[in-house]
Amino acid sequence: MLATSKETYAYRRFGKASQCPLLLLQHFTGTLDNWDPAMTDALAKERDLIVFDNAGIGRSTGVVPKTVHEMAEHVQVFLEALEIQSCDVLGFSLGGMIAQQIALNNPNAFRKIVLVGTAPRGGTDIMHLDKPSLGRYFQDRSLKGYQILQKVFFAPSEASQRAGGEFIRRLDERKDDREPASGPDVAQAQLAAFREWEVQKGEPFADLRQIRQPTLVVNGVQDEMIPASNSYRLVENLPNAMLLIYPDAGHGSLFQWHESFARQLLAFLASDSSQAPY
């Protein structure tokens, strides 16, 4: 736990010590325990990782913000308390939106940016959980807990669903020091943040052109939660970005293809090029 002037934040820091840590920003309703240990263990062999629960999530105090801008402010307070002036960032889903907002607020906050399964401000079809392709799973009372996550994070193919089952088993490996699961209040606040993020302000995607760090954009070709079309909008407008799309994968592409993703991410971060291609 880290106490600041604003809130007390739950976090974990582990991996290989380095001068430039990698901050991981989590998905909708996710806590510290929703990061795939197969992925984080692979990254920790080469990187200093910081995983973090924003205000009102898990054991972090406070109220869950209803805008991405407020969420970004909490991350900046957290980093200042750790005396981290600059780091790399992996933002997944909602975390990717927060990463974009921080990069706009403070252009020096990040050295390199990785955006996975996310969307720019003014993106389309962002986490509309009531649409038929997703709503059928949330309305299926036979699906409990992580079983819903397996359905909505992974493509419907047998191979992808099998990978989803393996991901769920890995999440269950941790037995001690677990975070409280997010409830309906968390979901409602974060859904409000998604709706606000969908609202275009000014010239479409103009803010992206201000983010000049090397950026790696990643998605699954069959992402139903935040469709891959949003990833194309990101790389079309970010001036220094490249795109990686995984086949037969959904929103959780980084967990389905965790070995490949870890290799790609580590190679991207290790490159000393000022350009996104690595």
Side-chain angles (χ1 to χ4, degrees), residues 1-11 23-35 51-81 89-106 109-110 113 115-131 134-135 138 148-149 152-153 179-202 204-208 210-211 223-227 230 233-234 251:
M1 303 293 288
L2 178 68
T4 73
S5 60
K6 200 162 191 176
E7 302 292 350
T8 297
Y9 300 105
Y11 78 105
L23 174 69
L24 280 66
L25 300 177
Q26 187 58 292
H27 64 75
F28 170 68
T29 70
T31 71
L32 301 178
D33 297 323
N34 289 107
W35 289 109
V51 293
F52 158 78
D53 277 345
N54 211 309
I57 305 297
R59 284 177 285 186
S60 292
T61 62
V63 177
V64 180
K66 293 184 179 180
T67 68
V68 170
H69 183 83
E70 292 175 90
M71 294 175 187
E73 289 182 337
H74 281 283
V75 178
Q76 291 178 274
V77 169
F78 170 76
L79 290 175
E80 289 171 4
V89 65
L90 162 58
F92 174 36
S93 190
L94 176 59
M97 300 168 200
I98 297 170
Q100 292 173 61
Q101 187 63 61
I102 295 170
L104 290 169
N105 294 347
N106 180 6
F110 301 135
I113 299 172
L115 303 174
V116 183
T118 193
R121 173 171 284 283
T124 57
D125 194 11
I126 299 173
M127 297 294 290
H128 287 272
L129 304 183
D130 56 348
K131 66 181 183 180
L134 295 175
F138 288 100
I148 296 177
L149 199 63
V152 300
F153 264 34
E179 294 295 290
S182 297
D185 291 347
V186 172
Q188 291 173 9
Q190 292 186 344
L191 285 170
F194 286 129
R195 299 290 76 78
E196 193 276 336
W197 188 254
E198 279 185 321
V199 176
Q200 187 62 256
K201 296 183 178 180
F205 312 125
D207 54 348
L208 294 177
Q210 302 176 46
I211 301 174
D223 189 342
E224 288 288 342
M225 304 190 85
I226 303 180
N230 289 289
R233 299 294 86 76
L234 284 167
H251 195 58

Rounded at 0.5 Å granularity, tell me how far [atom1] in [X] sits from [atom2] in [Y].
{"X": "Leu79", "Y": "Thr4", "atom1": "CG", "atom2": "OG1", "answer": "11.5 Å"}
{"X": "Ile98", "Y": "Leu23", "atom1": "CD1", "atom2": "CG", "answer": "9.5 Å"}
{"X": "Met225", "Y": "Phe194", "atom1": "CE", "atom2": "CZ", "answer": "8.0 Å"}
{"X": "Gln76", "Y": "Asn105", "atom1": "CD", "atom2": "CG", "answer": "5.0 Å"}
{"X": "Leu2", "Y": "Thr8", "atom1": "CG", "atom2": "OG1", "answer": "8.0 Å"}
{"X": "Ile148", "Y": "Phe153", "atom1": "CD1", "atom2": "CZ", "answer": "12.0 Å"}

Shortest non-hydrogen contact from [X] to [Y]?
{"X": "Asp207", "Y": "Leu104", "result": "O-CD2, 3.2 Å"}
{"X": "Ala55", "Y": "Ser60", "result": "CA-CB, 4.4 Å"}
{"X": "Ile226", "Y": "Ser93", "result": "CD1-OG, 3.7 Å"}
{"X": "Thr29", "Y": "Ser182", "result": "O-OG, 2.8 Å"}
{"X": "Ile113", "Y": "Ala103", "result": "CD1-CB, 4.0 Å"}
{"X": "Pro120", "Y": "Leu208", "result": "CB-CD1, 3.7 Å"}

Verdict with supporting geometry, Tyr9 and Val77, side chain to side chain contact (heavy atoms under 4.5 Å, CB included): CA-CA 10 Å; Tyr9 300 105; Val77 169; 4.3 Å; yes
Worked verdict on Phe92 versus His251 for ring pair (Phe, Tyr, Trp, His ring centres under 6.0 Å): CA-CA 9 Å; Phe92 174 36; His251 195 58; 5.1 Å; yes
NZ (Lys6) with more than 12 external heavy atoms under 6.0 Å: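 Count over threshold, so yes.
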Audit row: Asp53, Gln26, side chain to side chain contact (heavy atoms under 4.5 Å, CB included) steps and yes/no: CA-CA 8 Å; Asp53 277 345; Gln26 187 58 292; 5.7 Å; no
Candidate list Glu198, Glu196, Gln100, Gln200, test side chain to side chain donor-acceptor pair (under 3.5 Å), partner Arg121, passing option: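 Answer after filtering Glu198, Glu196, Gln100, Gln200: Glu196.
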side-chain contact (heavy atoms from CB on, under 4.5 Å), paired with Gln190, selected from Met71, Met127, His27, Arg195: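 One option only clears the test, and that one is Met71.
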Residue among Val89, Leu32, Val51 satisfying side-chain contact (heavy atoms from CB on, under 4.5 Å) with Leu24: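 Between Leu24 and the candidates, side-chain contact (heavy atoms from CB on, under 4.5 Å) is satisfied uniquely by Val51.
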Step-by-step side chain to side chain contact (heavy atoms under 4.5 Å, CB included) determination, Phe138 to Asp130: CA-CA 8 Å; Phe138 288 100; Asp130 56 348; over 6 Å; no
Within the structure provided, determine whether [X] and [Y] are in side-chain contact (heavy-atom separation under 4.5 Å).
{"X": "Val152", "Y": "Leu129", "result": "no"}
{"X": "Leu94", "Y": "Asn54", "result": "no"}
{"X": "Asp185", "Y": "Val64", "result": "no"}

Intermediate values then yes/no, side chain to side chain contact (heavy atoms under 4.5 Å, CB included), Thr118 and Asn230: CA-CA 7 Å; Thr118 193; Asn230 289 289; over 6 Å; no
Partner of Tyr11 by ring-ring contact (aromatic ring centres under 6.0 Å, His included), out of Trp35, Phe78, Phe52: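 Testing Tyr11 for a ring-ring contact (aromatic ring centres under 6.0 Å, His included) against Trp35, Phe78, Phe52 leaves exactly one candidate, Phe78.
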Check: Gln101 side chain, His69 main-chain N or O, donor-acceptor pair, under 3.5 Å: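 Answer holds: no.
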Test item: Thr31 side-chain N/O and Ala181 main-chain N/O as donor-acceptor pair under 3.5 Å: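 Checking the backbone N and O of Ala181 against the side chain of Thr31, no donor-acceptor pair under 3.5 Å is found.
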